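Reviewing the structure listed below.
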Amino acid sequence: MSIQVNNISKIYTSQKALNNVSFEVGSNEIVGFLGPNGAGKSTMMKILTCYIPPTDGTAKVCGFDILSNSIEVRKQIGYLPEHNPLYLDMYVKEFLEFVGGIYKIKNCKGRVKDMIEITGLQIEQNKKIGALSKGYRQRVGLAQAIIHDPKVLIMDEPTTGLDPNQLDEIRNLIKSLGKEKTVMLSTHIMQEVEAICDRVIIIDKGEIVANDETRVLQKNTTKQIITVEFDKQVSVSQLKEIANIDEVLHVNGTIWRLTSLSKEDVRKDIFNFAVANNFSVLTLNKEEQKMEDVFKELTKK
Ligand code: ADP
């Protein structure tokens, strides 16, 4: 297990930011830590990277305890914090050599060259960081996070503020890093999780409300919502008899909204019901509820 979190709580003076949080992340997994603003994502990441201690509970990174063995934990972790703090007056290469020096990396210049290549910084490598676009600054942030070849990469909202092209590039970079590292990234963007992550942990008000493989969550949470208009009045009890219909809502007149959790397409059940009862279906429209809606449902106030 790369990350093991056991019953972590964090209280900032009077504010409880995390409440008894436990989860695990396996080697080479890419896990999305998802939650609305203020859910406790950054706090969890700061605890795992030994920036702040928990009020209660324990956590291990690559088997090392965050409190009793924090130096080892820091060696195992690459961290890209929120707002990516960089020295804007330093040149890209100069900055990366400076970071490499802190980690006492042997053949630092060679390693910096490799990092520049991996993160696609070649054309910008001789510029000052302050002159770079947000996408390239994120690359510098990623390069500094992986320069010591950590086993675990922790990134706090790594794609916030990027334009669509930069977004794709950084996501692809994260995905390729995830092939040989354990990656935990926080985001409040559902599509990001769907695009990059093997697993998603959803946190709300300091508590975990979902923890599943992305595809399982996607599969289990897909709902069909059918809006149907009949030619005559139908009763709720009649509609509830349709196979695979879980919820019935009257919209107006002869229009109904039917919800189904079935994996089968329920439109044919509705059609069969209409034929059997001598109704005509005037309109029928199917929507599928996506993970984004699930996130909203799990984290709504
Ligand atoms: P997220 O990263 O999910 O947006 P945070 O971990 O930053 O959430 O914050 C969780 C809660 O803890 C929020 O209510 C936030 O206001 C509070 N919080 C975060 N840092 C501090 C701090 N240094 N002092 C007091 N409260 C804090």
Side-chain angles (χ1 to χ4, degrees), residues 2-25 29-61 66-67 70 73-74 77-86 134 137-138 141-142 144-145 150 152-162 167 170-171 174 178 182-212 214 217 291-301:
S2 284
I3 301 175
Q4 270 176 297
V5 174
N6 295 316
N7 307 108
I8 290 266
S9 293
K10 177 72 187 178
I11 301 171
Y12 294 108
T13 46
S14 61
Q15 168 91 44
K16 193 158 201 170
L18 293 173
N19 185 18
N20 216 17
V21 171
S22 300
F23 63 87
E24 292 183 342
V25 182
E29 249 194 309
I30 305 186
V31 169
F33 203 46
L34 191 77
N37 286 328
K41 304 180 297 292
S42 298
T43 301
M44 189 69 242
M45 293 187 148
K46 284 178 193 163
I47 291 172
L48 284 175
T49 50
C50 308
Y51 269 62
I52 54 171
T55 310
D56 213 349
T58 58
K60 283 184 177 171
V61 176
I66 52 161
L67 291 175
S70 82
V73 170
R74 287 171 221 217
I77 284 185
Y79 180 35
L80 179 58
E82 203 186 357
H83 310 306
N84 187 12
L86 296 168
K134 172 109 188 162
R137 286 188 199 185
Q138 283 304 82
L142 271 169
Q144 69 77 30
V152 177
L153 190 53
I154 293 189
M155 291 175 282
D156 200 350
E157 301 196 9
T159 58
T160 301
L162 300 183
L167 206 71
I170 296 293
R171 281 180 185 166
I174 294 170
T182 302
V183 176
M184 181 171 170
L185 62 93
S186 76
T187 177
H188 51 261
I189 309 164
M190 200 75 211
Q191 293 90 324
E192 186 136 296
V193 165
E194 293 184 290
I196 316 180
C197 303
D198 306 315
R199 194 148 61 83
V200 52
I201 297 174
I202 304 181
I203 184 168
D204 185 38
K205 299 184 206 85
E207 295 188 8
I208 293 196
V209 292
N211 180 355
D212 237 321
T214 312
L217 205 61
M291 252 171 95
E292 183 144 350
D293 304 301
V294 175
F295 169 73
K296 284 187 200 149
E297 220 168 88
L298 286 169
T299 60
K300 71 184 166 202
K301 298 285 173 288

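This one's a predicted model, so the numbers in the text were calculated from it and none came from an experiment. We count ligands from 1, going down the list as the structure has it; atoms in each ligand are counted the same way.
- When hydrogens are left out, the protein atom nearest atom 19 (C) of ligand 1 is Tyr12 CE1, 3.3 Å; that is the closest non-hydrogen contact.
- Inter-residue side-chain proximity for Arg171 and Glu192 is flagged as met; some heavy-atom pair is nearer than 4.5 Å.
- Taking a distance limit of 4.0 Å, we find that atom 15 (C) of ligand 1 is approached by no protein heavy atom.
- The side chain of Gln15, and not its backbone, has at least one atom closer than 4.0 Å to an atom of ligand 1 (non-hydrogen atoms only; side chain from C-beta on).
- Ligand-side atoms of ligand 1 in range of Ala17: 10 (C), 11 (C), 12 (O), range being under 4.0 angstrom from any heavy atom.
- Protein heavy atom nearest atom 6 (O) of ligand 1, with residue, atom name and distance: Thr43 OG1, 2.5 Å.
- Here is the list of ligand 1 atoms found below 4.0 Å of a heavy atom in Pro36: 3 (O).
- If you check which protein heavy atom lies closest to atom 7 (O) of ligand 1, you get Ser42 CB, 3.7 Å.
- Heavy-atom separations between Gly40 and ligand 1 include at least one value shorter than 4.0 Å.
- Using a 4.0 Å cut-off between heavy atoms, Ser186 makes no contact with ligand 1 at all.
- Between Asn37 and ligand 1, no N or O atom pair is found at a separation short of 3.5 Å.
- Separating the CD1 atom in Ile3 from the CD1 atom in Ile77 is a distance of 6.5 Å, to the nearest 0.5 Å.
- Taking CZ of Arg199 as the reference point, atom CD1 of Ile30 lies at 12.0 Å (rounded to 0.5 Å).
- The neighbour count for Tyr51 OH, taken as heavy atoms of other residues, nucleotides or ligands under 6.0 Å away, does not exceed 12.
- No side-chain heavy atom of Asp156 sits under 4.5 Å from any side-chain heavy atom of Phe33.
- The shortest N or O to N or O distance between Gly38 and ligand 1 is below 3.5 Å.
- Listed by number with element, the atoms of ligand 1 under 4.0 Å from a non-hydrogen atom of Ala39 are 1 (P), 3 (O), 8 (O).
- Taking CD1 of Ile196 as the start and CD of Gln191 as the end, the distance is 11.5 Å to the nearest 0.5 Å.
- Applying the side-chain contact (heavy atoms from CB on, under 4.5 Å) test between Val73 and each of Ile66, Leu67, Val152, Thr49 identifies Ile66 as the sole match.
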Full working for side chain to side chain donor-acceptor pair (under 3.5 Å) between Thr43 and Tyr12 | CA-CA 10 Å; Thr43 301; Tyr12 294 108; 2.8 Å; yes
